[in-house]
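The structure under discussion appears below in the form of C-alpha cells.
All chains are named by letter (A, B, ...) in the order of the sequence lines, taking the proteins before the strands, and each is independently numbered beginning at 1.
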Amino acid sequence: MSEVKVRFAPSPTGPLHIGGARSALFNWLYARRYHGKFVVRIEDTDLERSSRESEENILSSLRWLGLDWDEGIAAGGPAGPYRQTERLALYSQYAEELLESGWAYRCYCSEEELAAQREAQLAAGEMVGYNGQCRNLSEAECQQLENEGRKPVVRFRVPEGKVLTVRDQVRGDVSFDCHGIGDFIIVKSDGIPTYNFAVAVDDHTMGITHVIRAEEHLSNTPLQILLFEALGWPVPEFAHISLILGKDRAKMSKRHGATSIQQYRDLGYLPEAMVNFLALLGWSPGAEEEVFTLDQVQEKFSLDRVAKSPAVFDLDKLNWLNGHYIKHSPVERIADLAVPYLRQAGYLPETVDESLMAKVRLVTIAVREYLDYLSQIADHAGVFFTDPGYDDPEAQAVLSGEQVPAVFAALREQLTGAAALDEDRARALLKQLPKELGLGGKLVYQPLRVGLTGKTKGPELYHLLPALGPAKVIERLEKALGSAI
RNA sequence: GGCCCCAUGGUCAAGUGGCCUAAGACACCGCCCUUUCACGGCGGUAACCCGGGUUCGAAUCCCGGUGGGGUCACCA
C-alpha cells in the first residue's frame with residue numbers, strides 16, 4: 001500500500017473547537033502511527049463566513065496542541081496551494097470535465113423556486129432534493145435562460161437506481177440509495193465550488209489516502225464517492241468518528257460553555273491535558289493506563305479502537321487530567337504560565353524581576369495542588385500578596401486562644417535573624433514548635449495559619465513560611481495579635 | 001418526516017459467544033493519613049434499553065421495537 005496521507009480541513013468560520021481539535025488529533029495520530037503525512041488544508045469557499053482571523057486562530061490552536069503538519073497551509077508542499085479559494089482554476093477545470101462528459105449540467109432555477117420546491121417536498125413528507133427541472137435542457141434553452149439574465153449553477157447528475165456503499169473503517173459498510181440523493185450543486189452561480197466538490201477534488205489531487213472526520217459528514221460521503229467515480233479517481237478510505245456531545249446529549253455547540261480550544265487555553269488548561277483528554281474521547285487504549293503523552297498515544301493509536309457511539313464531553317475528567325499535569329510539571333513552567341493570571345488579579349506588576357519570580361515559584365508550589373486550571377490561581381494566591389484582615393469570627397475565635405501569644409513569640413524567636421527559609425527548614429521548624437511549647441499540633445498550627453492568612457483553611461504552613469519570608473511572617477503575626485479582641 | 005448512525009454504571013469506557021456472579025478511569029460516598037512528599041492510601045454505591053429469535057451457552061450474532069443523535073442549503 002502506498003504511503004498514508006491524511007488531512008485536517010477546517011473551514012475558517014470560527015475558532016478551532018473541541019470537535020475539530022479531536023478530528024485533527026486523530027488524523028495526526030494516524031499519520032504518525034503509520035509513518036504517513038499529515039496535511040492541513042483550509043476550506044474557505046464560504047466567502048461570507050470565512051476569515052483570516054479564524055484561520056490564524058485554528059492554526060495557532062493546532063500548534064499549541066502540538067499537532068504539527070507536514071504539508072499544507074503555511075507549510076507548503078507539492079500539492080499547493082492549500083487554501084481552496086486559491087485553487088479555483090483547478091475546480092473549474094474539473095467542473096468543465098464533468099460538464100463535457102455529461103456527469104454535470106447547468107441549472108437555472110432561482111433560489112426562490114428552489115426554496116418553494118423544498119418547502120412543498122417537506123410538507124408532503126417526501127424526500128428533499130432537486131426535482132431535475134433543468135436536467136435535460138437543450139443548448140438553445142440554456143441560451144434562452146441565460147439571455148433572461150439567469151446565472152446558472154452546475155449540478156451533478158446523480159445516477160438513478162444505484163446504491164452506494166461507503167466502506168468505513170469505524171462503522172463498517174454503510175449503504176445509501178441514490179434515489180434519496182437529488183442532483184446536487186457542485187459549482188455555485190458565482191463560480192465558487194461547493195463543499196462536496198472541492199473536497200473531492202482536493203482529496204484526490206492532494207493524494208489523500210484516508211479521510212478521517214466527524215460523523216456529521218457521513219451523509220456527504222456518498223456524494224463525494226459519486227464525484228470520485230465520475231472523474232475516474234480511486235476512492236479513499238473513510239473513517240467517521242462519532243460526535244462529541246454536550247451534557248444534554250446534543251452536538252457540542254456554543255451554548256454548552258467553552259467549546260473552543262482558545263477558551264481552554266485562556267483559562268489555563270495545558271495542551272498535554274487537552275490532547276490527553278481528547279484522545280480518550282472516542283478512543284481507548286484498551287489498557288488501564290489513561291494518562292499519556294502525545295508520543296505515547298501515537299504508538300498505540302489505531303482506528304479499530306475508535307468508538308462508534310457518541311461521547312459526552314466530561315469537564316470533570318478534563319479538570320482532573322489538567323490538575324494532574326499541573327501537579328506534575330516542572331514548577332518553573334507552571335509558575336511562568338501563572339504570571340499573567342496573577343498580574344491580572346493585581347498581584348504582580350507589569351515587569352516581574354527574578355526575585356519576585358522566585359516568590360511566584362514558591363507560591364506556585366504552595367497552591368498548585370488546588371488547581372484544576374491555571375486561572376484559578378488568582379483565587380488561592382491572594383494570601384501571599386495581600387495582607388489579610390482578621391474580622392472573620394472563626395478567625396477571631398482561634399486568635400483568642402490563650403496560648404496564641406506564646407506560639408507566635410516562639411516562632412518569632414526562631415525566625416529572628418533568619419535570612420532565608422526554605423521548605424525543609426520550615427518543616428523542621430514547624431515540627432519542633434509543638435514539642436517546644438508542650439502543646440498539641442492543632443493549638444499551634446491553627447493560630448499560625450489564621451495569623452498568617454486570616455483564614456482557617458489554606459496552603460500548607462511549610463509552603464506559606466518560605467513564600468512569605470521571615471520578615472513578612474513576623475509582621476503579620478504581630479498584626480494578628482494586635483487585632484485579637 | 002425521509003435517509004443514516006448509535007445503544008454496558010451519572011460520564012468516558014474494557015469486553016469481539018463460554019475466562020463476566022461485567023475491567024479500569026472521572027465524579028460521588030465512606031474510612032485512614034490529619035499539617036512531612038509520592039495522580040496520598042483503602043474501601044463502597046452504581047450498568048449490559050426492551051421483546052423476540054439463533055445457540056448446549058449471548059453484554060457479545062440476527063430481527064423488531066423504543067430511545068438518543070446526525071443529516072437533508074447556491075454552509076462547510
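The A/E43 side chain lies nearest to B/rA76 when the options are B/rA76, B/rG70, B/rC26. For A/V153, the side-chain atoms get nearest to B/rC74 when compared with the rest of B/rC12, B/rC4, B/rC74. Here the side chain of A/F176 is nearest to one of B/rC4, B/rU36, B/rC6, namely B/rC4. Considering only the side chain of A/D46, B/rA76 comes nearest among B/rA76, B/rA27, B/rC12. For A/W320, whose side chain is taken as the heavy atoms from C-beta onward, the closest listed nucleotide among B/rU71, B/rA76, B/rA27 is B/rA27.
Below the 3.5 angstrom threshold, one finds a donor paired with an acceptor across the side chain of A/K431 and the base of B/rU36. Taking only distance into account, the side chain of A/E289 never meets the base of B/rG24 through a donor-acceptor pair shorter than 3.5 Å.
Listed pair A/K457 / B/rU34 fails the phosphate criterion, with no side-chain N or O lying under 4.0 Å from OP1 or OP2. When the side-chain nitrogen and oxygen atoms of A/K188 are compared with OP1 and OP2 of B/rC75, one or more of them lie within a distance under 4.0 Å.
Between A/H217 and A/Y195, the ring centre distance stays below 6.0 Å.
With a cut-off of 3.5 Å on both pairing distances, B/rA59 has no Watson-Crick or G-U wobble partner at all.
Judged purely by distance below 3.5 Å, without hydrogens or angles, the side chains of A/T221 and A/H240 pair a donor atom with an acceptor atom.
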